[in-house]
Amino acid sequence: MCVILLSFLPATAQNVPTPEKFLGYKLGDQFTPHDRLVRYFETVANQATDRCKLVPYGQTYEGRPLMVMAVATPENMNRLEEIRTNNLKITGLVSGTPSSVQPAIVWLSYNVHGNEAVSSEAVMQVLYDLVNPTNTEIQGWLKNMVVLLDPCLNPDGHERYVQWYKQVANFPYQPLPFSREHQEPWPGGRFNHYLFDLNRDWAWQTQQETQQRVALYNQWMPHLHADFHEMGPESPYYFAPSAKPYHEALTPWQRQFQQHIGEANRKYFDKNYWLYFTREKYDLLYPSFGDTWPSFNGAIGMTYEQGGSGRAGLGYVTSEGDTLTLTKRIAHHVAASYASIEAVASHGDQVLKEFKTYFDQSRNNPQGAYKGYLIKAKGDESKVQSIAQLLDRNGIRYSYANKGGSVKGFNYATGKSEAAKIEENDLVISAYQPKSVMLRALFDPKPMLEDSLTYDLTSWAIPYAFGVKAYGLPDAIASGNTSDKPKSPTSAQPPAVAKPYAYLVEWKDLRDIQFLSALLKKKIKIRNSEVAFEMNGKTFASGTLLITRTGNEALGDAFDTFITDQAKLAGIIPTPVSTGFVDKGFDFGSDYNHFIKAPRIGLVTGSGISTDGFSSTWHFFEQQIHYPISVIDVSRLSSVPLQQLDILILPSGSYSGVWNERMINKLKDWIQDGGKVIAIENAAEVLGEKADFEWKKKDEDKPSPKKVNSPADTLKIYGHRDREYIAEDIQGSIYQVTLDNTHPLAFGYDKSIAILFRNNSPYELMKKGWNVGYLQTTNYTAGHVGYKTKAKLQNSAIFGVQEMGRGQIIYMAENPVFRAFWHSGKLLFGNAVFMVGQAY
Ligand SMILES: [Zn+2]
């Protein structure tokens, strides 16, 4: 046997190919496909083993690799793992005494929005310069620093853009904006596979890419995180300081460092006479961005924005007549990368000192009004499990109450300070922990706005998003009364029954829908109860699933194991019963218990459909409840044989030209025959404009309720034009929508549901049809709503059901499963799909 011994050469600049040498073209001459980007990173990692290390952290939905490159001096590279764990000891996330010598950790993230593709070009230059030992200025910065480079956070979106561009671009490129290469088709490369915006997903982590990235982030906890973006091609460069509003939880040091970042960037941009702006547009409020989430985790967080994005291509003529080239865009992002590193290098000691102070305070003296949170578990065990998973993903610690007690706190449901009972298994979260600030941000009942102009949602608190009873506690929770795991009280386990007559499953949460979906796919016959009933001293609410042995004989003796196995998979506990005779209510054979037909579902997508609307419903079926659907392009809708579907889901969209007379008649005929339409947001509005559809927008011309003393008071001020729209604006605000929970659309809910509002187009209460969800006058809970919209939303319909022949139309003014994080609306959407219409 012959063994070849390899001797490893020390890395030098000569070993590491420049991006140009490796790619065969100059950076900026072409867009680089993701696999070539990965190969360049691997090549550099193999050549400069003493200066960098590739850390794979997962893969995308389409199977592309995700990774970061750690870059450091050879001395720091040798102790990379020690540096990482030492940093975690400083935060308190791992126990142990940290050593005092610690380099700063800088994490630079590129290309979270796939079609902002300049980032993944710029990062190749940044990597080359960082590992180049002859670049003395950069090597000087690196003496006390580790840099982590994520070359592409969203490879699937990046490839969608780059491959499209390569197919359509002229050669040489055509810079005129109306040329095809500047008109990216729907849905564009911004989003990931499921068309989610990964820069809105940091806190909620609904997407695989985010889950894997944040898991690695929590293993490093960098001191600075910068997120590289692009905006429209006409805008000059943007860097920090950020615009207002800043979330209250940002520390004085984090605010001050925004200025240092501005200074560091200004130097590069002024020297090159590049145009830029600061302190406008990009704020620091909503905690799920790539700048805010790191900021609430102790880092200095920031966004960079280059003019360009999917419109700019290799070159683009701006309205001023200048040509914006990819080469120029790369130069700006490379400069901002250096400015970020240099800013940390020149404030190194203070960066480390303030980072330590941040976590010392988080553990010992947490900021904010609440020193802990209590989440009631009884009846909401499944939602509490989902919250625990979300806290785990964010690195937030929690425990479960193991004995009773009482406390006083802010009741999220009433908005008042009230007494609360602590009961066994309640989720207890102390603010005295390393991730205290993130905890505060996620539970913030009413984020304070320094300024109403903001970029995204203005309210999001976990108790509302999950629909649980919760309290913010002004006093620290006594330790010693909690345990790491919930007890499994024997009372929750229903008594065993030999060869049960049926199994009952209460209809309460997403897990119950997952269970139903699994059974329907196996063709199990299931009923649901329209009316609450009592058995063995227990009340089963409307919507309870009844799975009788009768009708499922085909499974034979495997019936019981199948049901219990599926329940275990979904994380629920079914109740076996020995009879179909109820103590109170209707027996299992009654007409009030409806057979659930497994629906054949069509979901509309395509140009003109909102990516937010489509992505959240697509992800719901495919990733959350695993139920098969047909995705139908809106341009092909007219040729779809509707009789092969039971449900047609219309996500928000313009539907322009879709509902002509022939198509609307086809749709109505199908509904008359038993079809069901679920029309969401703008899709409901568009349908409501057609004859025989009962969903009507409120009259826009009604006078505003604001008092007017003189006609001059109503004149618009030119200088206030940016703010004019605030009066009509609504930006991710929360309302408790009143429910008619006797209707199947509201099964499993109490008298209201917290819904995130993003539309300022209120609807009339339906005259013919069921107003299942509506607003009265006191339903507002949190977030920014302009005074005009607030008034119009009073007494408006939010969720309505119209019967038409044997079918139904379900109208939804807001998307109850928005961005997959609004958990409390998932059951309502499940009701629309599986419960409504079974009674007919
Ligand atoms: Zn972006």
Side-chain angles (χ1 to χ4, degrees), residues 31 34 37 60 66 107-123 126 149-162 164-165 182 184 186-204 206-207 209-210 213-214 225-240 242-243 261 265 276-278 280-295 301-313 316 324 326 328-330 332-337 340 454-457 610-612 615 819:
F31 285 107
H34 186 255
L37 170 71
T60 67
L66 296 162
W107 183 309
L108 306 179
S109 286
Y110 299 86
N111 229 154
V112 64
H113 292 140
N115 62 356
E116 298 168 7
V118 60
S119 301
S120 290
E121 305 297 327
V123 71
V126 174
L149 302 173
D150 187 333
C152 188
L153 280 71
N154 177 12
D156 294 349
H158 176 270
E159 276 313 271
R160 197 178 310 126
Y161 174 73
V162 169
W164 165 78
Y165 185 82
H182 304 295
E184 201 187 1
W186 190 95
R190 179 180 175 87
F191 310 108
N192 76 341
H193 171 77
Y194 280 107
L195 305 188
F196 273 66
D197 185 334
L198 296 180
N199 192 35
R200 304 290 188 282
D201 197 42
W202 279 77
W204 311 112
T206 66
Q207 301 299 295
E209 291 88 348
T210 323
R213 175 174 9 93
V214 174
H225 179 264
D227 203 24
F228 290 83
H229 289 260
E230 285 190 275
M231 55 192 154
E234 300 286 343
S235 297
Y237 202 85
Y238 163 83
F239 50 78
S242 296
I261 286 293
N265 278 283
Y276 58 88
F277 70 97
T278 66
E280 292 176 69
K281 289 188 188 170
Y282 303 101
D283 62 68
L284 291 171
L285 181 74
Y286 179 54
S288 206
F289 287 125
D291 50 11
T292 46
W293 192 92
S295 299
M302 76 201 64
T303 290
Y304 286 110
E305 295 274 354
Q306 163 64 41
S309 76
R311 292 199 58 205
Y316 178 97
L324 173 68
L326 180 60
K328 285 185 196 168
R329 288 154 63 200
I330 292 172
H332 301 161
H333 265 354
V334 170
S337 303
S340 309
T454 180
Y455 202 58
D456 211 86
L457 311 183
S610 143
T611 47
D612 254 349
S615 62
R819 285 186 194 161

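Whatever order the structure lists ligands and atoms in, that order sets their numbers, starting from 1. Please read all numbers here as calculations on a predicted model, not as lab measurements.
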Checklist entry - Is it true that Arg190 and Glu116 make a salt bridge, defined as a side-chain N closer than 4.0 Å to a carboxylate O? => result yes

Checklist entry - When you check the side-chain N and O atoms of Thr60 and His193, is any donor under 3.5 Å from an acceptor? => result no

Checklist entry - Looking only at side chains, do Thr206 and Tyr194 share a donor and an acceptor under 3.5 Å apart? => result no

Checklist entry - By atom name, which N, O or S atom belonging to His229 lies closest to the Zn ion (ligand 1)? => result ND1

Checklist entry - Looking at the Zn ion (ligand 1), is one of the N, O or S atoms of Glu305 less than 2.8 Å from it? => result no

Checklist entry - So, Gln306 and His333: side-chain donor and acceptor under 3.5 Å apart, yes or no? => result no

Checklist entry - By atom name, which N, O or S atom of His113 is the nearest to the Zn ion (ligand 1)? => result ND1

